[in-house]
Amino acid sequence: MSDAFTREPPWDPRRFPPASRAPRPVQTARMLRDPLAYARSLRRRFGPVFSLRTYPYRGALVCAAGAAANRAVLTDHERFTGGDAAALLAPAIGTRSLICTPPPLHLTHRKLLLPPFHGERITRWAQRVRELVHGGLPELLGGDGVPVRPWAQRLTLDVILRVVLGLTDPARVATFRRALNAYVATGNLAVLFLPGPLRRDLGPLSPGGRFHRLRTAVWDLTREEIAARRAAPDRAHRDDVLSMLLDARDEHGAGLDDAQLLDELTGLVLAGYETTATTIAWTLHLLAHHPAARDDLIADLDAGSDRLLKATVKESGRLRPAVYNAMRTAAHDTELGGHPVPRHAFVAALFPLTHLDPELWPEPDAFRPGRHLGPDPGPYALTPFGGGVRRCIGVSLAQLEIETALREILAAAVPEPAGPPEPARLVAVTIVPARGGRVRLRGRQERRAAAAHVRHL
C-alpha cells in the first residue's frame, strides 16, 4: 500500500485535470459530508474529467464521469491498470485476491473463480437465501422504524458463511460471525485510508494494531476451514464456493494453493458483504419514500412477475450505487477527456456522476424504475457493479440476495417512511444511508385492516 502512494505523483496543476482551489482538508470534509453533491458541483464546474484533492492522496484523484470517460477507465487496460489502485486494499484482502491481481494473471484467476457463480449453482442457493431472510424477518416488522442496513449486513454475512464458506455447524458459524463482524466494521477498515504511520501495528491501542489482530483472527479461522474442507470426505458432493474452488483447475491442470484460497475467500467476503447489504437498505428506503413506485412493485410481484423488481433494483443502483467508484492507476503519462494524466496517478470512475448525468438519464434525481423496462441509454451508462474484466465476480449471487430479500420482505410488509429521506454518506468506497436506511415495515394484513377501518368510517 505504501508503495502505491510513494509512486503517486505530487500535485501539479499543469499535469492534472482542473481542480478546486479549496485546501485539501476542506475538500476532504466536503466529500465525507456530502459525496454526491460535492462531486456533482465539481462536474458542473469542470466537466466530465476533473481532479479531487483529498486525503489520503498526496497528489490528486483524477475523477471520470459520463459514459465515455467511464468506459475508458474501466476498459482501457493499457492506459489504466488495476495494479497500484487495487493494492490499496491489499492489507485487508491479501495480494493474491482477484481484486488485487494485475493483468494478465487477473484473467487466469477470474476463469478459475467464475464457475461457482453461474448457472445451476446460483439457483441451488435460492432456497438457502430465502430461509435466511425468513429467519430474520421478525426483527424488521413492527415498531416505529428500524435501520435496514445493519439487518441486511447480518443477512449478507450469514449468506457468505453458508454459501461461500459452506459452514453448517452453529458454533462455527457464530465464531466466524463474531470475527468477521469485528474485522469488516467501518471503523476497522477505515485504517486503510489513514496516513502510513497510523496503519502500522504500534501496539494494542493503535488503530493499525487492532486491524492486524482482527485480520489475523479471520485468516486463522479461514485457514482452519480450508484445511478441514480439503480433508472432508463429502467435499465432492458439496455446493459451497470453497468446496468448488478446492477442485477448480486451469487449462494446465493447476489449482489454487492455500495462500491463494485464503486471499480469494477474504476478497469475496469483503466485496460481497457491504455492497449487497447497502443496496437492500437503499432500495427499501427509496421505496418507502416513493409510495407509487412501491405499490406498483408490490402489485407486480403479487401477479407473479419480477420485471418491476429487476427494474427497481437497477434504479436503486443508479440513484444510490453501493460502490462510489472503481479505482485505477495511469500506466504511463496519458490523457483523459482532453486533460493530462501523469503516470501512477490514481484515476477513479465515479459511478454516481455517470448515473446522474442528465444527458443519459432524463430527470436524473427522480426515482423512476420504469425507465429500466427498456434498454439502457448506452454502454457504461449504468455500472453499479463496475465494468470491464474487473466487474464484480459475485454479481449473480448479489442479485439473488437482493431480489430474494426484497421479494420476501414485500410479500410480508409494506415499507413506509420512518423520518425524512436520508442523505448519502461516503464510508471508504461505499455510499451508505446516513442513519442506516430507516423505514417502518408495516405488516400487509395490519395495513389492510387499517385501510378497511378508514373506509368504514
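Side-chain atoms are counted along with the backbone in the values below, which use heavy atoms only and exclude waters and symmetry mates.
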### Glu224, CD atom: more than 12 neighbouring heavy atoms under 6.0 Å
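It does: Glu224 CD has more than 12 such atoms within range.
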
### Query
Is it true that atom CZ of Arg343 has more than 12 heavy atoms of other residues, nucleotides or ligands lying nearer than 6.0 Å?
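Incorrect, the count does not exceed 12.
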
Side chain proximity check, [X] to [Y], heavy atoms < 4.5 angstrom:
X      : Y      : result
Glu335 : Arg79  : yes
His355 : Pro321 : yes
Arg15  : Asp333 : yes
Arg177 : Leu161 : yes
Val323 : Glu274 : no
Gln260 : Asp257 : yes

### Full working for side chain to side chain contact (heavy atoms under 4.5 Å, CB included) between Val173 and Arg162
CA-CA 8 Å; Val173 168; Arg162 287 166 172 78; 3.8 Å; yes

#### Entry: Partners passing side chain to side chain donor-acceptor pair (under 3.5 Å) against Thr383 (at least two apart in sequence or in another chain)
Asn70

### Message
Once side chain to side chain donor-acceptor pair (under 3.5 Å) is applied, do any residues pair with Asp258, and if so which ones, sequence neighbours excluded?
### Response
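Side chain to side chain donor-acceptor pair (under 3.5 Å) list for Asp258, sorted by chain: Arg230.
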
Please find the pair of heavy atoms, one from [X] and one from [Y], that lie closest to each other, and give the distance.
X      : Y      : answer
Ala72  : Leu336 : CB-CD1, 3.9 Å
Thr354 : Gly66  : OG1-N, 2.9 Å
Leu140 : Val146 : O-CG1, 3.7 Å
Gln27  : Leu52  : OE1-CD1, 3.6 Å
Leu319 : Pro364 : CD2-O, 3.4 Å
Pro340 : Pro17  : O-CD, 3.1 Å

### Message
Checking salt bridge (charged side-chain N to carboxylate O under 4.0 Å, His left out) between Glu315 and each of Lys310, Arg371, Arg368, which is the one that passes?
### Response
Arg371

Would you confirm whether [X], through its side chain, and [Y], through its main-chain N or O, come within 3.5 Å as a donor-acceptor pair?
X      : Y      : result
Arg215 : Pro91  : yes
Glu422 : Gly437 : yes
Trp361 : Arg318 : no

### Task
For Leu261 and Leu246, run side chain to side chain contact (heavy atoms under 4.5 Å, CB included): C-alpha distance rounded to whole Å, both residues' side-chain angles, the deciding distance at 0.1 Å, then the answer.
CA-CA 8 Å; Leu261 271 171; Leu246 284 167; 3.3 Å; yes

### Task
Using the ring pair (Phe, Tyr, Trp, His ring centres under 6.0 Å) rule, take Phe351 and Tyr324 through it: C-alpha gap first, then chi angles, then the decisive distance, then the call.
CA-CA 6 Å; Phe351 300 148; Tyr324 189 68; 8.8 Å; no

Going by side chain to side chain contact (heavy atoms under 4.5 Å, CB included), name the residues that satisfy it together with [X], two or more places apart in sequence or in a different chain.
X      : result
Asp144 : none
Ala67  : Leu360
Val218 : Ala179, Leu180, Tyr183, Thr222

### Query
Taking it one step at a time, do Phe176 and Val269 satisfy side chain to side chain contact (heavy atoms under 4.5 Å, CB included)?
CA-CA 12 Å; Phe176 256 97; Val269 169; over 6 Å; no

### Task
Only one of Phe50, Trp11, Phe346 passes ring pair (Phe, Tyr, Trp, His ring centres under 6.0 Å) with Phe16; say which it is.
Trp11

### Task
Evaluate side chain to side chain contact (heavy atoms under 4.5 Å, CB included) for His289 paired with Arg294, printing each intermediate quantity in order.
CA-CA 9 Å; His289 289 275; Arg294 174 200 66 197; over 6 Å; no

### Task
Would you check if there is a donor-acceptor pair between the side chains of Thr28 and Thr54 at a distance under 3.5 Å?
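On atom types as modelled, these side chains do not qualify, holding no pair under 3.5 Å.
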
### Query
Between the side chains of Thr278 and Arg149, does any donor sit under 3.5 Å from an acceptor?
yes

#### Entry: Aromatic contact, His212 with Trp219 (centres under 6.0 Å)
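Not close enough - the centres of the two rings lie 6.0 Å or further apart.
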
### Query
In terms of side-chain geometry, is the basic nitrogen of Glu139 or Arg154 positioned less than 4.0 Å from the acidic oxygen of its partner?
yes

### Query
If you measure from the Lys or Arg side-chain nitrogens to the Asp or Glu carboxylate oxygens, is any gap between Asp76 and Arg71 under 4.0 Å?
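Not counted as a salt bridge, because no side-chain N and carboxylate O are separated by less than 4.0 Å.
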
### Task
Please determine which of Leu309, Leu373, Leu382 meets the side chain to side chain contact (heavy atoms under 4.5 Å, CB included) test together with Lys314.
Leu382

Can you give me every donor-acceptor pair (side chain of residues 31-40, partner residue at least two apart or in another chain, under 3.5 Å) with its distance?
unit_1, atom_1, unit_2, atom_2, d
Asp34, OD1, Ala37, N, 3.3
Arg40, NH1, Asp365, OD1, 2.8
Arg40, NH2, Asp365, OD2, 3.4

